[in-house]
Amino acid sequence: MRVIRGLLALGTAALAQALLSRYVPVAARFCDLFTIMVVYYGLTCPPSAAMAMGTGAGLVEDSLVGSILGMNGFKKTLIGYLVGTIGSLFMLNQAIPRFGILFAATVFDPLAEWGLSVAMGRSFAFPGTLPLLERGLGNGVLGLLFFWVASRLP
Amino acid sequence: MAHLLTERKPYLLLLILLTLNLGLMSSRIKSASERSLLEEGILGLGSPFLKAAGWIGQAVSGTWHAYVGLRGVERENRRLRERIDALALQAHEAEEARQELGRLRELLDLRAGVPFESVPARVMARGVDGSARVLTLDRGGREGVRINHPVITPRGVVGRIIEAATAASKVQTILDPNAGVAGLIQRTRIQGMIVGDGDRGCRMEYVSELANVEVGDVVVTSGLDQIYPKGYTLGVVAAIGEGEGLTKIVEIRPEVDFRRLEEVLVLLKPEGPPERSAP
């Protein structure tokens, strides 16, 4: 059941992200629903589930955005692992710590890509500090909303 | 998938997943043109979402446009209905004006044909009981209208003026039982007194039983009453009945439709009526 819910959540996130990118590209710049999904699983499930969700979400994101296959999978797996580990060590069920984790995961995403690109000898265009902060802020707010909604689901 | 993996080995799982992703990345970078079945499968993961997003977007957009279009249609419909109402009113007014123009033209033609000064007038009111025995005109003494001036229309005689105020006057029509007009049968020149018979029309009295009168004969004024000029149409014979003694009563249907009368011509007739050429 949990796997099915995870797949459903992943599908919904993919659909929502595709819709946003296509029809509201401005809003899509400020949020990464896949990262939110991975952080949610990291904070509410065991690390293995968060990593599995990270890989799944990353690969779906790769197929959606047309980036190098495995790039987002790698990043999201790492995020899932880190958030899952942190979530298992600390109590992160309050809004502010969750916001912090969401913000940090969003900032970590391009940093990890930058590291991978350097390691593979590929060029990488860093999105810039302000857009990154905006994206972190957007993901933080939207993520908290997602946590609030998810806590009320049966 | 989470159930299949043990929670006690996160590092191992991390290693496997990162290796998988790295493998995918390296294979993709190494051979940019060829794709493995796994890569094809993963890349195919996104297409249903993209298709669904496109479909949803089109559906929402279509619905929205249909809604907006429908609202536009409703607004347009309301605007057009108002326009239709306004145009219908204009058309009605134009039709009224056209009919009035036609009547006034006939009146003008009649006016040109009569050998007297005349004043066109509008019928302002009828009798209180709704009958057409008495009519009120919007012309009076100021325009030269006097008592006993005859009132006619292109169709025939209406009556005579019985009251003339400054700006209005009253007409006793030939339908009034107290009205009398000297008339004659146009075909046989048989004369008689024509009196009103209320809404039924008029009747010619004192017609000899031997007189040659037929239904459909035209009755015109004879001019002998010194009020109506000679030769104006009064009506047609509708029926012939027996009268007192050796006379018969001729029922006449007036040519003028008194219930729909709107414009008339008042003849400012001087004393002593000249004869009008017979129609």
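Treat the numbers as computed from the prediction; the structure is a model and nothing was measured. In what follows, every chain begins at residue 1, and chains take the letters A, B, ... in the order their sequences are listed.
Considering only heavy atoms from C-beta on, Leu24(B) comes within 4.5 Å of Leu59(A) through its side chain.
To the nearest 0.5 angstrom, Asp62(A) atom CG is 8.5 Å from Met25(B) atom CE. Interatomic distance, CG of Leu17(B) versus NZ of Lys76(A), reported as 14.5 Å (0.5 Å rounding).
By the side chain to side chain contact (heavy atoms under 4.5 Å, CB included) test, Leu18(B) pairs with Phe74(A), Thr77(A), Leu78(A), Leu14(B), sequence neighbours left out.
Residues of residues 55-70 of chain B lying under 4.5 angstrom from chain A, judged on non-hydrogen atoms, are Ile56(B), Gly57(B), Gln58(B) in numerical order.
By number of non-hydrogen pairs under 4.5 angstrom with chain B, the leading residue of Gly11(A), Gly58(A), Gly54(A), Gly80(A) is Gly11(A).
More than 12 heavy atoms of other residues, nucleotides or ligands shown are found within 6.0 angstrom of CG on Leu89(A). Applying the 6.0 Å contact sphere to CZ of Arg103(B) captures more than 12 heavy atoms from other residues, nucleotides or ligands.
For Leu116(A), the part sitting under 4.5 Å from any heavy atom of chain B is the side chain, from C-beta outward, and nothing else.
For the pair Leu15(A) and Ala52(B), the tightest heavy-atom approach, listed with the atom from each and the gap, is CD1-CB, 3.4 Å.
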